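In what follows, every chain begins at residue 1, and chains take the letters A, B, ... in the order their sequences are listed. Bear in mind the structure is a predicted one, so any value in this text is a computation, not a measurement.
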Protein chains: 2
Amino acid sequence: MSDEREITIYDIAKYLNISAATVSRGLKNNPMISKATRKKITDAVQTLGYQSNAFASNLRSRHTHTLGVIVPRLNSYFMSSALAGMENAANRYGYNLIIAQSLEDVEKEKRNAATMFNKRVDGLLISLSSNTQHIHHLEPFFKRKIPVIFFDRVYPHDESTSVGINNFEAAYQVTKHLIDQGCKRIMHLGGNVLRNVYQERLNGYRKALQDHHLPFTEQLHLTGPLSEQAGTDAAGHILELSPNKRPDAVFSANDTAAVYCMLALQGAGLRIPEDIAFAGFNNDPISKVIAPNLTTVEYSGDSIGHTAATYLINHLKGISDLHATNAITLRADLVIRASSLKNKNPE
Amino acid sequence: MSDEREITIYDIAKYLNISAATVSRGLKNNPMISKATRKKITDAVQTLGYQSNAFASNLRSRHTHTLGVIVPRLNSYFMSSALAGMENAANRYGYNLIIAQSLEDVEKEKRNAATMFNKRVDGLLISLSSNTQHIHHLEPFFKRKIPVIFFDRVYPHDESTSVGINNFEAAYQVTKHLIDQGCKRIMHLGGNVLRNVYQERLNGYRKALQDHHLPFTEQLHLTGPLSEQAGTDAAGHILELSPNKRPDAVFSANDTAAVYCMLALQGAGLRIPEDIAFAGFNNDPISKVIAPNLTTVEYSGDSIGHTAATYLINHLKGISDLHATNAITLRADLVIRASSLKNKNPE
DNA sequence: TTATTTTACGCAATCGGTTGCGTATCATAA
DNA sequence: TTATGATACGCAACCGATTGCGTAAAATAA
């Protein structure tokens, strides 16, 4: 009763007195097979309870309908949204996702890439770990022409495509907004500049300062993991500065650090935005919960994931050619909230 | 130069003048193979750049070293933490994760289960969608003795194991805490009682009321999707009640609904906890950002995911037997914060 | 009616490892 | 020296679906 043998196309073939080849073709709606036999086959599938064996198929057809995804970490709002977007797209087209996290460690990223390759994913979606310097570990993919798409934390490479936003422009807008509010000493909390996203945000910040004749000082530029702790630490750093050297605004490269910095400063008695204005990046749920609400950059993980996966699949299906597209830039919008509104006139 | 043929164990065999069988065994550290040949094989693997083909292997050996994971949605803090925990455990033991989301829809859950089965996952980790009534769609797994572990939103089934927390007890403690603070009209914001987690939280709430001689009234029991919107709506509902019928506390079955309810009530001028105390569930990051901080139940998605995956893998490796274990209950702790502290004496 | 084309299907090789069984080689015991 | 066992490896079938090629049967044309 239990542990019955697996039902294969051979069983169906025998059952119907036809060949396994016909069954295989019938199952895939090959026009070579008559409507009548196709019907008989699908009926037999029902009555016998046949389930296709994906990897017997993979072995022969050489594609797995599986996409590999490597992310720095699974449990951030942005990343889980991106994964949700990918899953949606993948599911719609009959693809599955194998997901692994590098935990910001190149070595783990390398191992992940190797297993993905061995499992013969049809394509790879990757957002680099913070300390990845080169992408030699992706060579096997390039060699075998397996498409690779970088998303968010991308890498310049002309055989593959990148999906992200214009970080430079977004950071420029944020900084300009703070300047427009009258801020003159704007601190920047940044991430590892090995990653384009943080480098570009830094560049946008600096360019905005320069365009508005404000000096850039290393003292007002902190780099770190942008974690809760990093935010709290930044607050400590600010409080240690003599009051006349303190920033009158903070632009953080993510919302987490911004929020924890705000909480610590508020705890020390500073008022936001009166004493110090704030802006973050990501539009994380916490940005709408903190009081005052945090000005930030809306930047949809879901769209990025969905777009990246859709492009990859279209390429695999031959509908479009990725090699023609080197980068896809999605929109990112400045969301102005109370944390940065010093001029109370909403005009 | 490009698109070179795949390197197989046959190439290695030819290169070393041994049989493919020996190469296969050598690669898997089969003791039957001498140390010397094993060395030669691993060397040849290096020089030839061999990469194993996972599904050729799967086809014969009938296991994929892949675990299927089906979750209601990927982008919630709890779920993404659970996935992170699973990925950690899986990665450590050489397993991969195929992840799909049901988006709270049984039909999608069914389709997901079917593809997972076809891809021949070695085991399944599943948290049910809110409207799943039965689990006939998991029958193929049971029939073929593929282990299934339910986590968080579990289902009573004696061939499989559940990993979760004691929701009844946690909810009881939360409610009791609110009662101890002097609250007498405690509202409960619950989820779909089709899911054990919400049913049990409701039960714990009711039992605590009963044990403290407080009446349970349907008027103070709202059921919904526990989304941001649901939280806001609940606030609207509360404000519509005549002041003497209003609750003096709200216990929400998740933090999201609690926080958005708080924000709306605060917007209407109510003070928390003086006018109305709050408690949530999950210890979501937003619970530490909202002012006042939200009392909640700490309940580690990471541990649940890690535990569930580890048990599954141990079972697959024959180290332990899942059938002996019907349920695993992890700890959940009441975290008391300002949103529920009406007695200001911390003793 | 015969030749030609089309339609529908079968044969058998193939994808790349895995594994049960058989055996040559060498060490050890008798 | 011969019998016995252990060790190390090869042979070949096998997992289950796919697909190039070949062909019988039916349809159409000549």
Ignoring backbone atoms, establish whether A/S19 has a side-chain N or O less than 4.0 Å from OP1 or OP2 of C/dG10. yes
task = Report yes if a side-chain nitrogen or oxygen of B/K28 is closer than 4.0 Å to either non-bridging phosphate oxygen (OP1 or OP2) of C/dG17; otherwise report no.
result = no
What integer distance in Å separates [X]:[atom1] from [N]:[atom2]?
X     : N      : atom1 : atom2 : result
B/Y10 : C/dC15 : OH    : C1'   : 10 Å
B/N30 : C/dG20 : CG    : P     : 10 Å
B/L59 : C/dC15 : CG    : C1'   : 9 Å
B/K14 : C/dG17 : NZ    : P     : 13 Å
B/N58 : C/dT19 : CG    : C1'   : 16 Å
B/N29 : D/dA8  : CG    : P     : 14 Å
B/I7  : C/dG17 : CD1   : P     : 10 Å
B/R62 : C/dG17 : CZ    : P     : 18 Å

Result for 5'-nearest mapping on DNA chain D, choosing between B/A56 and B/N17, is B/N17
Sorted by position of nearest nucleotide on DNA chain D, 5' first, the leading residue of A/I9 and B/V23 is B/V23
Q) A/L138 versus A/L124: any side-chain heavy-atom pair under 4.5 Å? A) yes
Sorted by chain and number, sequence neighbours left out, side-chain hydrogen bond (donor to acceptor under 3.5 Å, both in side chains) with A/S19 holds for A/T22
Heavy atoms from C-beta onward define the side chain here; which of [options] lies closest to that of [X]?
X     : options                : result
B/I18 : D/dG10, D/dT18, D/dG16 : D/dG10
A/M32 : C/dT19, C/dA8, D/dA17  : C/dA8
A/S24 : D/dT19, D/dC14, C/dG16 : D/dT19
B/T22 : D/dG10, C/dG10, D/dT18 : D/dG10

>> Quiz question: going by heavy-atom distance under 3.5 Å, is there a donor-acceptor pair between the base of C/dG10 and the side chain of A/R25?
In response: yes
Correct closest heavy-atom pair for A/L74 and A/V71 would be N-CG2, 4.1 Å
Donor + acceptor pair across side chains of A/S34, A/T37 (<3.5 Å)
yes
Establish, from distance only, whether the side-chain atoms of B/D122 and B/T64 form a donor-acceptor pair under 3.5 Å. yes
Under the salt bridge (charged side-chain N to carboxylate O under 4.0 Å, His left out) rule, what do A/E87 and B/R73 come out as? Steps first, then yes or no, please. CA-CA 10 Å; A/E87 201 275 344; B/R73 39 184 10 105; over 6 Å; no
Sorted by number, residues from residues 33-53 of chain A placing a heavy atom under 4.0 Å from DNA chain C are A/I33, A/S34, A/T37
Touch class at under 4.0 angstrom, heavy-atom based, for A/S57 against every strand present
sugar-phosphate
Across the strands shown, which category fits A/L27 at heavy-atom distances under 4.0 angstrom: base, sugar-phosphate, nothing?
nothing
Per side-chain contact (heavy atoms from CB on, under 4.5 Å), A/Y50 is matched among A/L27, A/I41, A/T42 by A/L27
inquiry  = Tell me whether A/R144 forms a cation-pi arrangement with A/F142, defined as NZ or CZ under 6.0 Å from the six-membered ring centre and within 45 degrees of its axis.
reply    = no
